Amino acid sequence: MRFMKINANQRNFVKKYIETGNATEAVRQVYPNNHHPDATGTHILEKPNVQEAVREAFKKLDRGIDKDIGELANMADAEVDKVNASDKI
């Protein structure tokens with residue numbers, strides 16, 4: 001798929017949508033004077049360029065979570081090794 005650009009407000013919407021998981025709340029935060037946040041959220045999410053940005057944001061979030069889980073697993077393994085080493089003394 002060809003990358004389509006999004007404007008600053010759409011980028012902020014995507015960020016708030018990812019943070020809140022709610023398009024209406026994202027609209028309220030990014031467009032505080034909007035009188036129809038439900039309809040506006042739906043309308044914004046129907047745009048292909050915004051959909052692509054949301055998909056990419058979730059991919060980055062997933063990679064970050066996987067990295068964090070890997071680091072936590074390594075830390076847990078190190079603690080287990082310390083306990084096992086102290087049991088041998």
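These values consider heavy atoms only, across backbone and side chains, with no hydrogens, waters or symmetry-generated copies. Since the structure is predicted, the reported quantities are computational estimates derived from the model, not experimental observations.
- Note: Asn33 CG to Arg28 CZ = 13.5 Å, rounded to the nearest 0.5 Å.
- Thr20 and Gln29 get closest at one heavy-atom pair: CG2-NE2, 3.8 Å.
- We find the NZ-CD1 distance between Lys60 and Ile18 to be 11.0 Å, quoted to the nearest 0.5 Å.
- The heavy-atom pair separating Gly41 from Ala23 by the smallest distance is CA-CB, 4.0 Å.
- The two residues Val54 and Leu45 have their closest heavy-atom pair at CG2-CD2, 4.3 Å.
- A 4.5 Å side-chain heavy-atom check between Tyr31 and Asn9 finds at least one atom pair inside the cut-off.
- Contacts classified as salt bridge (Lys or Arg N to Asp or Glu O under 4.0 Å) and involving residues 13-22 (residues at least two apart or in different chains) are given here: Lys16-Glu19.
- Nearest heavy atoms, Tyr17 versus Ala26: N-CB, 3.6 Å.
- Pairing each heavy atom of Asn49 with each of Lys5, the nearest pair is ND2-O, 3.0 Å.
- Nearest heavy atoms, Val27 versus Ile44: CG2-CD1, 4.2 Å.
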